[in-house]
Visitor: 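This structure is in structure tokens; I'll ask about it shortly.
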Amino acid sequence: MIILGIETSCDETAAAVVDNGTAILSSVVSSQIEIHSRYGGVVPELASRKHIEAIVTVVREAIKTSGIEPGRVDAIAVTRGPGLIGCLLVGFSYAKAYAFGLGIPWTGVNHLEGHILSVFLEPDPPPFPFISLLASGGHTGIYFVTSHTSMELLGQTRDDAAGEAFDKVAKMLGLGYPGGSIIGKLAEKGDPGKINFPRTYLDKSGFDFSFSGIKTSVSRFIQTHSDKYKEMIPDIVAGFQESVVDVLSYKLLLAAKEKRCKHISIVGGVAANQRLREKVKKDAGLSGIKVHIPSSSLCGDNAAMIAAAGYYNLINGGMQDLSLDVFSRAL
Ligand code: KG4
Ligand code: ZN
């Protein structure tokens, strides 16, 4: 089944062609970073307008580079939510019209399920059941995944998402947007043990997170070292990153132990973080647990993961009619 995936939930206009939910024939991601970086974050109205400008070209490019004839598309999968409503509506309406025009089935995909299923686009995906840590700019949660269509949320952030904390700390330090990848690179030059920021575990036996405290600690550190913090930026970001990574890895492995899973995954934009990848692999290795992490291009928002999730929706009877609508917050 050849599926055209479309993703417009935030600031990336993306389209991909995926065969049987596993083989990526093409994946095109058009980022709006340049437009939003001057505002230090995504401006929703600007983002939806940019999606309108980009969508036709991005889909055409995805079809062209896949090497298939446009008429070979068997079904469409499109992000339904969560995300920015105006942005979601662009991809959603386009996908409905495209499917209607070709007379083919289509399905609306939960963006978070797309991230979780991104590991199935890589060789050697995890067997069920497994534990997945989804850490992105909008969400951070731990899931018990028992099939391609059933994922139980075990715990999630009570305030900021992990990626959001990276972005906010980068903004405080004047490092630019989006902060995650900038901090990841700068942290390599710093000493993670020099400044010991607190780790917020909340209940150490539970799976909820909180990242607003660490953000406040960094802010306080900047205030109390206002004359010399600029020279300490690599150590500050390395210390901050280490604190976030420690908590994420701890809770992920705790969930694996509690659910007796020998396979875990990390997905979402923050899964591109090198230190997180290393730390989780090291901690998991000590417990004989295998870690599955998508390549960096599949961690950030993309449409291949939406096509993959759409494939599993469709083969499980999830075809949808044109009355379906988008949603902004996690269902
Ligand atoms: O999954 P994603 O592309 O979009 C959402 O669904 O939110 O995640 C974007 C988030 C941003 O907050 C970004 O700063 C973060 O992922 N991110 C990273 C890295 N690359 C992207 N965070 C830490 N380290 C990275 N290397
Ligand atoms: Zn995402």
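In this chain, residues are counted from 1 in sequence order. Indexing begins at 1, ligand by ligand and atom by atom, following the structure's order.
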Visitor: Ignoring angles and geometry beyond distance, decide whether Gly180 reaches within less than 3.5 Å of ligand 1 through its nitrogen or oxygen atoms.
Guide: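 Looking only at distances, the answer is yes, because the N/O contact criterion of under 3.5 Å is met.
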Visitor: Report the C-alpha separation of Arg49 and Glu45 in whole Å, then their side-chain angles, then the decisive distance to 0.1 Å, and conclude whether the salt bridge (charged side-chain N to carboxylate O under 4.0 Å, His left out) test is met.
Guide: CA-CA 6 Å; Arg49 290 181 196 199; Glu45 183 56 30; 2.9 Å; yes
Visitor: Can a side-chain donor-acceptor contact be found between Thr13 and Thr8 if the only test is distance below 3.5 angstrom?
Guide: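 No - no donor-acceptor pair under 3.5 Å links their side chains.
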Visitor: Would you mind listing which atoms of ligand 1 come within a distance below 4.0 Å of any non-hydrogen atom of His115?
Guide: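 Answer for ligand 1: 1 (O), 6 (O).
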Visitor: For the Zn ion (ligand 2), what is the closest N, O or S atom on Asp301?
Guide: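 Among the N, O or S atoms of Asp301, the one closest to the Zn ion (ligand 2) is OD1.
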Visitor: Does the side chain of Ser147 come under 3.5 Å of the side chain of Ser150 through a donor N or O and an acceptor N or O?
Guide: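 Indeed, the side chains of Ser147 and Ser150 share at least one donor-acceptor pair under 3.5 Å.
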Visitor: Any cation-pi pair here, Lys251 with Phe207, using under 6.0 Å and within 45°?
Guide: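 Here Lys251 fails the 6.0 Å and 45° test against Phe207.
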Visitor: So which of Pro178, Ala272, Ser136, Ala135 gets nearest to atom 5 (C) of ligand 1, if we judge by its closest heavy atom?
Guide: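 Among Pro178, Ala272, Ser136, Ala135, the closest heavy atom to atom 5 (C) of ligand 1 belongs to Ser136.
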Visitor: State whether the number of non-hydrogen atoms from other residues, nucleotides or ligands found under 6.0 Å of Phe128 atom CZ is greater than 12.
Guide: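 For Phe128, atom CZ is crowded (more than 12 foreign heavy atoms under 6.0 Å).
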Visitor: Could you tell me whether Gly137 and ligand 1 have an N or O pair separated by under 3.5 Å?
Guide: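 Yes, at least one N or O pair falls under 3.5 Å.
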Visitor: Would you mind telling me if ligand 1 is within reach of the side chain of Asp167, the backbone, both or neither, using heavy atoms under 4.0 Å?
Guide: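 Looking at Asp167 and ligand 1, just side chain atoms fall under 4.0 Å.
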Visitor: Give me the nearest non-hydrogen protein atom to atom 3 (O) of ligand 1 as residue plus atom name, then the distance to 0.1 Å.
Guide: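 Looking at atom 3 (O) of ligand 1, the protein heavy atom closest to it is Asp301 N, 3.0 Å.
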Visitor: Less than 6.0 angstrom separating the ring centers of His148 and Tyr312, yes or no?
Guide: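 Yes, close enough.
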Visitor: Give yes or no for whether the N/O distance cutoff of 3.5 Å, strictly under, is met between Gly269 and ligand 1.
Guide: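 Min N/O separation from ligand 1 is below 3.5 Å for Gly269.
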Visitor: Validate the cation-pi geometry between Lys290 and Phe130: distance from NZ or CZ to the six-membered ring centre under 6.0 Å, angle to the ring axis within 45°.
Guide: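 Here Lys290 fails the 6.0 Å and 45° test against Phe130.
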Visitor: Say whether Ser212 and Asp160, considering side chains only, have a donor N or O and an acceptor N or O under 3.5 Å apart.
Guide: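 No, no side-chain donor-acceptor contact under 3.5 Å.
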Visitor: Using the rule side chain to side chain contact (heavy atoms under 4.5 Å, CB included), only one of Val247, Leu252, Leu253 pairs with Ser249; which is it?
Guide: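 The passing option is Leu253.
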Visitor: Would one find an N or O of Glu12, backbone or side chain, under 3.5 Å from an N or O of ligand 1?
Guide: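 N/O-N/O distance below 3.5 Å does not exist for this pair.
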Visitor: With a cutoff of 4.0 Å, is Cys10 in contact with ligand 1, counting heavy atoms of the residue only?
Guide: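 For ligand 1, residue contact (heavy atoms, under 4.0 Å) with Cys10 is absent.
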Visitor: With heavy atoms only and a cut-off of under 4.0 Å, state how His111 meets ligand 1: side chain, backbone, both or neither.
Guide: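 Near ligand 1, His111 shows its side chain, while the N, CA, C and O stay back.
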Visitor: Specify the protein heavy atom at minimum distance from atom 24 (N) of ligand 1: its residue, its atom name, and the distance to 0.1 Å.
Guide: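 Looking only at protein heavy atoms, the one closest to atom 24 (N) of ligand 1 is Asn273 ND2, 3.0 Å.
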Visitor: Consider every N or O of Gly138 and every N or O of ligand 1, then say whether any pair is closer than 3.5 Å.
Guide: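 The answer is yes, given that Gly138 and ligand 1 share an N or O pair closer than 3.5 Å.
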Visitor: Taking Tyr250 for its side chain and Lys204 for its backbone only, find out whether a donor-acceptor pair lies under 3.5 Å.
Guide: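 Checked: pair present.
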Visitor: Would you indicate whether Lys96, at its atom NZ, is surrounded by more than 12 heavy atoms from other residues, nucleotides or ligands within a distance under 6.0 Å?
Guide: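 Correct, the count exceeds 12.
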Visitor: For Gly300, counting its heavy atoms only, list the atoms of ligand 1 lying under 4.0 Å from any of them.
Guide: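 Those of ligand 1 that fall under 4.0 Å from Gly300 are 3 (O).
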Visitor: With the Zn ion (ligand 2) as the point of reference, which N/O/S atom of His115 is the closest?
Guide: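 Nearest N/O/S atom: NE2.
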Visitor: Do Gly268 and ligand 1 have an N or O pair less than 3.5 Å apart?
Guide: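 There is no such contact.
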Visitor: Hey, is the Zn ion (ligand 2) within less than 2.8 Å of some N/O/S atom on His111?
Guide: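 Of the N, O and S atoms in His111, at least one lies under 2.8 Å from the Zn ion (ligand 2), which means yes.
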